[in-house]
Each structure stands twice: as C-alpha cells, then as structure tokens.
Amino acid sequence: MKSYLLSGLIFCYLSCFNASQKNDTVQLPDPALNKTLLKKNTTDTVSIIAVGDIMFGTNFPTNSTLPPNDGKDLMKYFTTELKDADISFGNSEGVFLDAGGVSKGAGVNVFCFREPRRYAQYFVDNGFDLLSVANNHVADFGEEGMRSTTTTLKALPLHFAGLENYPTTIITVRKLKIGMAAFAPHKGCIQMNDYAAAIESVKTLTKQCDIVLVSFHAGAEGRNATHVTKRTEIFMGQNRGNVHEFAHMMIDAGADIVIGHGPHVARGMEVYKNKFVAYSLGNFCTDGMFNLEGVSGIAPLLKI
C-alpha cells in the first residue's frame, strides 16, 4: 500500500430530503474554498466524497408512500457537489424490488424499505460510484429482495459491497486501485462482530489495493445516540457492535479510511494513526416517515 496524506473538508447541511417537510432552504459551501483546499484534477490527488444513509422512497405497503415526482428531485440541490470527486460513496439502505418479497414484519416499530428498481438509477444520476449495502434493511424482503437488489445494482455503473456474495469491491481511479469492504451486524451482511474474518478481509484488500476504505453500519440509533460510547452498543435487544474498537481494528489491519452510518444521527470523527474515521454520517437522503428535526436532520457531506 502506498503512503498518502489525507486532507478533509466537511460540509454539514440541514437535511431537506423528507418530502413531507417541504423545506427547500439549503446552504451550500463556497465553491472557491472547495477548489482551493481540494484540487480534484492534480495527478497526485484522489478525492472521495462520503455521505450517510440513503433511501429514496418505499413502495411498501403501497405506492402512495412514494415521493413527489417519483423521487427524481430528492438530491437536486447536491448533484454538483456529489459529482465533484473522483469517487462518491453512500450507504444504500433498503432493497430494490418492484413488488413481492416476504417482509420482515409490520407494525408501528417495524420499518420495511422496498424501493422501486428504477430508483437505483438515481445513484448514477447524482454521481455515486461506490455503495455499501450492508445494513439492517437489506434483508427487509428476504432472499428475493437481496437478489433483486444485487441484480439491479450490477446492471448499473456502480460498485457495491457488504453482502455474503459481494463482501468487497475494487474500483480503479487514475491507475490507483481503491478497495472497499462493508460490514454490519445484521442478517445477510458481512458480519462486523466477526473480528477475525473482518481483519483477514481488510488485509487481503490491502495487498491488492493502493487505498482501502471500510464501511460499517452499526451502533445504537436515535437522538440519544450521538456519542460514541467506546463500548458494545445494544439496541432493540441486538448487539450493534463496539464501533470504536472496530474502527481502530480495521485501521490496524490496513484500512486508510473508515466510514460509519446507522445511528441516523451524525457522530464524532477522529484521526487514528494518521487515518480518518467518521463514526456516523447520519441521514443524507431519507424520504417518508422519518422525523428529521434537530440532530436527526444534520447531514454531513465529507470530502477527503
């Protein structure tokens, strides 16, 4: 693995992506500052944009829950920024399935995300290259939902990882190989709590790639989960992992960048051994039944 100097620039937005809130006020960064700090087109620099959870809209239980204009406008304020990098990364939360599948349940506290397959094109339209699909909603509609998701994403110019059949991926930019491994403590995903297997996966990528990014979807959820506890976090009776221990372990194994998401709020960031960790990038584009007020509506856009 080559040695790199990492510089970071963080833009924080108030999330305006809940269609029910009708909030069109967005403050964008100064483009001159962006170009000064991060020179995209130099030969010795590769830039990576990372955001948190993305769920364009669900047709479950009915199509009446889909967003206005079929979701095409959800990211329109940020398309230029998302495309202003060599690689743009996000967490795709849910499955791409037009109909069917066996939902994991129903009720007040059960959320099932079934996005129409055509919605996956929105990742491409808005400049995304790299996706994590390891999260607690990728198995919302069982094996059929996961198969449909991978088939849909494979048909697009996207790289993704995090499922048992797709544990890692490698994307080449300017003759540099950038590898990603994605983990979550959830059904169907590459298990982050299996430390030995996770370490081996990252070590293998390190031998193959110039830069290694690790994504994880873990930790407790909600407004009371903004801080990294440095302990194992239990949420809804499930072991959601020790994200601090895991992130450090991944860097010790060779990762250069570790990006977290899952708590639905932004969490702290740190530099460990001159490598970058973001413990949660919160909700970036989430339509529907979510309350995006206060800390739940802070949507970081990280550029490294």
When you group the ILVMFWY residues by side-chain heavy-atom contacts below 4.5 Å and let the links chain together, are Met249 and Tyr272 in the same group? yes
Determine, for Arg117 against Asp98, whether the closest basic-nitrogen to carboxylate-oxygen distance falls under 4.0 angstrom. no
Could you label the plane-to-plane angle of the Phe246 and Phe183 rings as parallel, tilted or perpendicular, counting under 30° as parallel and over 60° as perpendicular? perpendicular
May I ask you to check whether His261 and Ser215 show a side-chain donor-acceptor distance below 3.5 Å? yes
Going by an N to O cut-off under 4.0 Å, is there a salt bridge joining Lys303 and Glu81? no
Test side-chain contact (heavy atoms from CB on, under 4.5 Å) applied to Val138 and His186, step by step: CA-CA 9 Å; Val138 75; His186 302 291; over 6 Å; no
What I'd like to find out is whether the side chain of Asn91 reaches to under 4.5 Å of the side chain of His217, using heavy atoms alone. yes
Could you check if a side-chain atom of Phe111 sits within less than 4.5 angstrom of a side-chain atom of Thr58, using non-hydrogen atoms only? no
Hey, what do you get for CD1 (Ile234) to OG1 (Thr229), rounding to the nearest 0.5 Å? 10.0 Å
If I compare all heavy atoms of Cys285 with all of Leu74, which pair ends up nearest, and what's the gap? SG-CB, 3.8 Å
Can you list every pair that meets salt bridge (Lys or Arg N to Asp or Glu O under 4.0 Å) and has a residue in residues 182-195, with sequence neighbours left out? none
Interatomic distance, CZ@Phe96 vs OG@Ser148, rounded to 0.5 Å, equals 9.5 Å
Closest heavy-atom contact between Glu93 and His137? OE2-CD2, 3.1 Å
Quick one: do Leu176 and Ile257 end up in the same hydrophobic cluster if we chain Ile, Leu, Val, Met, Phe, Trp and Tyr together by side-chain heavy atoms under 4.5 Å apart? yes
Indicate yes or no: at least one non-hydrogen side-chain atom of Val95 is less than 4.5 angstrom from one of Val133. no
With Thr232 as partner, the option from Val243, Asn239, Asn193 fulfilling side-chain contact (heavy atoms from CB on, under 4.5 Å) is Asn239
Picking from Phe123, Phe78, Phe128, what satisfies ring pair (Phe, Tyr, Trp, His ring centres under 6.0 Å) with Phe284? Phe78
N-O pairing of Lys177 and Asp210 below 4.0 Å: no
Provide the closest heavy-atom pair for Asn136 versus Lys104 in the form atom of the first, atom of the second, distance. O-NZ, 3.4 Å
Side-chain donor/acceptor of Glu221 to backbone N/O of Pro263, under 3.5 Å: no
Measuring centre to centre across the rings, with the benzene-like ring taken for any Trp, is Tyr122 within less than 6.0 Å of Phe56? yes
Validation: residues 165-173 side-chain donor-acceptor distances under 3.5 Å, sequence neighbours left out:
residue	atom	partner	partner atom	Å
Tyr166	OH	Lys154	NZ	3.4
Thr169	OG1	His159	ND1	3.2

Going by heavy atoms in the side chains, are Asp53 and His264 under 4.5 Å from each other? yes
Regarding Arg174 and Asp86, does a basic nitrogen lie under 4.0 Å from an acidic carboxylate oxygen? yes
Output the distance between atom CG (Asn135) and atom CG (Leu163), rounded to the nearest 0.5 Å. 8.5 Å
Does CG belonging to Asn224 count more than 12 external heavy atoms closer than 6.0 Å? no
So, do Tyr195 and Asn242 sit near enough that their side-chain heavy atoms are less than 4.5 Å apart? yes
Between Phe113 and Phe141, is the ring centre distance below 6.0 Å? no
Close side-chain approach of Val277 and Val271, heavy atoms under 4.5 Å: no
Step by step, work out the side-chain contact (heavy atoms from CB on, under 4.5 Å) result for Ile54 and Thr286. CA-CA 6 Å; Ile54 299 169; Thr286 304; over 6 Å; no
Closest contact, heavy atoms only, Ala182 versus Ser132: CB-OG, 3.6 Å
Do Val295 and Leu301 sit in one hydrophobic cluster, given that two such residues count as connected whenever their side-chain heavy atoms are within less than 4.5 Å of each other, even indirectly? no
Any non-hydrogen side-chain atom of Asp252 less than 4.5 Å from a side-chain atom of Lys273? yes
Any sub-3.5 Å donor-acceptor pair from Ser280's side-chain atoms to Ala266's backbone N or O? no
If you round to the nearest 0.5 Å, how far is CG of Leu82 from CG of Asp125? 12.0 Å
Nearest heavy atoms of Tyr119 and Gly71, plus distance in Å: OH-N, 4.1 Å
Verdict with reasoning, Arg267 to Glu233, per salt bridge (Lys or Arg N to Asp or Glu O under 4.0 Å): CA-CA 14 Å; Arg267 284 183 162 188; Glu233 298 180 53; 2.8 Å; yes
Quick check: is Ile199 connected to Val212 through a chain of hydrophobic side chains (ILVMFWY, heavy atoms under 4.5 Å apart)? yes
When you compare the side chains of Thr79 and Asn126, does any donor N or O come within less than 3.5 Å of an acceptor on the partner? yes
Determine, stepwise, if the pair Phe276 / Asp256 fulfils side-chain contact (heavy atoms from CB on, under 4.5 Å). CA-CA 7 Å; Phe276 192 86; Asp256 298 289; over 6 Å; no
Between Gln208 and Thr206, is any pair of side-chain heavy atoms under 4.5 Å apart? no
Ala197 backbone acceptor or donor facing Ser201 side chain under 3.5 Å: no
Check whether Met75 and Leu66 end up in the same hydrophobic cluster, where Ile, Leu, Val, Met, Phe, Trp and Tyr are linked by side-chain heavy atoms less than 4.5 Å apart. yes
Quick check against the 3.5 Å criterion: does Asn283 have a side-chain atom that pairs as donor or acceptor with the backbone of Ala299? no
Nearest non-hydrogen partners of Val202 and Ala255, listed with the distance: CG1-N, 3.8 Å
Return the OG to CG distance between Ser92 and Leu158, rounded to the nearest 0.5 Å. 9.0 Å
Pair Arg231, Glu245 - check salt bridge (Lys or Arg N to Asp or Glu O under 4.0 Å), show working. CA-CA 8 Å; Arg231 299 189 299 270; Glu245 181 178 65; over 6 Å; no
May I have the step-by-step check of side-chain contact (heavy atoms from CB on, under 4.5 Å) for Met180 and Phe89, ending in yes or no? CA-CA 10 Å; Met180 184 187 75; Phe89 162 85; 3.5 Å; yes
Can you tell which of Ile49, Ile304, Ile178 makes a side-chain contact (heavy atoms from CB on, under 4.5 Å) with Ile87? Ile178
Could you tell me the separation between the CZ atom of Arg114 and the CG atom of Asp140, rounded to the nearest 0.5 Å? 10.5 Å
Taking the basic N atoms (NZ, or NE/NH1/NH2) and the acidic carboxylate oxygens, is any pair closer than 4.0 Å for Asp70 and Arg118? yes
